[in-house]
**Student:** 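This is the structure I want to talk about, given as structure tokens.
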Amino acid sequence: MTTILDGKLTAKEVRARVKEGCAAFTEKTGRAPGLAVVLVGDDPASAIYTRNKGKAAKKCGMYDVHHHLPADTPEADVLALVRELNEDARVDGILVQLPLPGHVDTDKVIAAISPEKDADGFNPVNVGRLWLGQPAPVACTPLGITTILDRYEIDVKGMNAVIIGRSNIVGKPMAALLMRRHATVTVCHSRTKDLPDVIRAADLIVAAIGRAKFVTGDMVKEGAVVLDVGINRLEDGTLCGDVDFEAAAERASAITPVPGGVGPMTIATLLANVLTLAEARGE
Ligand code: GUN
């Protein structure tokens, strides 16, 4: 029997816990946990993501402030806004939506976010803390995946985990989190030799390549756990992941669907991160 890992349900549970935590925090401190979302430019997908993040924050009782800057905003102005938010007592978590326009140095902007207000866990100080095994906010998608693993009591200790994709947002932090849970981790990318064979040896697959149905059924070992980060739109308008779900589900012991798997966990985990940052800052 293959377990379908329900991210929608897990995210709902996380949001309910965050809502309770927000109420308790507000009761105790007289202010709600605060999230500031910064969007630069007019990328339509980013506009939807940021709107959804703000809506979700409000729904669980957070103070939510949205800054939408024009695409041609000078880098200095983006940095000035981030520094202003660092000083704003109502704000516990800052999120600068990526990608930023080309003339803005992403590394500089991320480094300017106070590590104690880094809702995404992208600041180099927090990336360092993660790799050292220290408490830190962690990137929402990979952290959300570990929440799914916990929810379904999947212990990765000793597993041969294969992550496909080495991005700063998913692949790298996922590797740190799985290593911390005592998996043996291989991070693959576009230049990995004999990639299908590497995937075939995996007890756990994290697919984060951004290519529809890249992982085919024959690449999935019998009994493997499959976590699909991809969201791809097919020509007929339907969504699919980086894994051929139907074929993979025949062999996997557990698998996330798309939609309704990893996707919903990202925003829920962001909210959990903001509450944790608020509790650490206190009043
Ligand atoms: N762009 C794509 N994913 C993310 C994310 O998790 N956080 C931010 N800030 N930007 C993104």
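Atoms within each ligand, like the ligands themselves, are counted from 1 in listed order.
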**Student:** Would you please name every residue forming a side chain to side chain contact (heavy atoms under 4.5 Å, CB included) with Ala183, sequence neighbours left out?
**Tutor:**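 Ala183 satisfies side chain to side chain contact (heavy atoms under 4.5 Å, CB included) with Val156, Ala161, Leu178, Val185 only.
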
**Student:** Apply salt bridge (Lys or Arg N to Asp or Glu O under 4.0 Å) to Arg281 and Glu116, showing your working.
**Tutor:** CA-CA 8 Å; Arg281 272 186 70 229; Glu116 311 331 314; over 6 Å; no

**Student:** Is it true that a side-chain atom of Ser253 and a backbone atom of Gly223 form a donor plus acceptor pair closer than 3.5 Å?
**Tutor:**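 Side chain of Ser253 to backbone of Gly223, a donor-acceptor pair under 3.5 Å: yes, one is there.
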
**Student:** Write down, by chain and number, every protein residue that brings a non-hydrogen atom to less than 4.0 Å from an atom of ligand 1.
**Tutor:**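 Within the 4.0 Å shell of ligand 1, which is judged on heavy atoms, sit Lys53, Leu95, Val96, Gln97, Leu98, Asp120, Phe122.
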
**Student:** Which residue in the set Val78, Leu85, Val40 passes side-chain contact (heavy atoms from CB on, under 4.5 Å) when paired with His67?
**Tutor:**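 In the set Val78, Leu85, Val40, the residue that makes a side-chain contact (heavy atoms from CB on, under 4.5 Å) with His67 is Leu85.
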
**Student:** I'd like to know if Asp203 and Lys221 make a salt bridge, using a cut-off of under 4.0 Å between side-chain N and carboxylate O.
**Tutor:**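 Salt bridge between Asp203 and Lys221, a charged N being under 4.0 Å from a carboxylate O: yes.
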
**Student:** What do you reckon, is CZ of Arg31 surrounded by more than 12 foreign heavy atoms closer than 6.0 Å?
**Tutor:**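 Yes, enclosed.
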
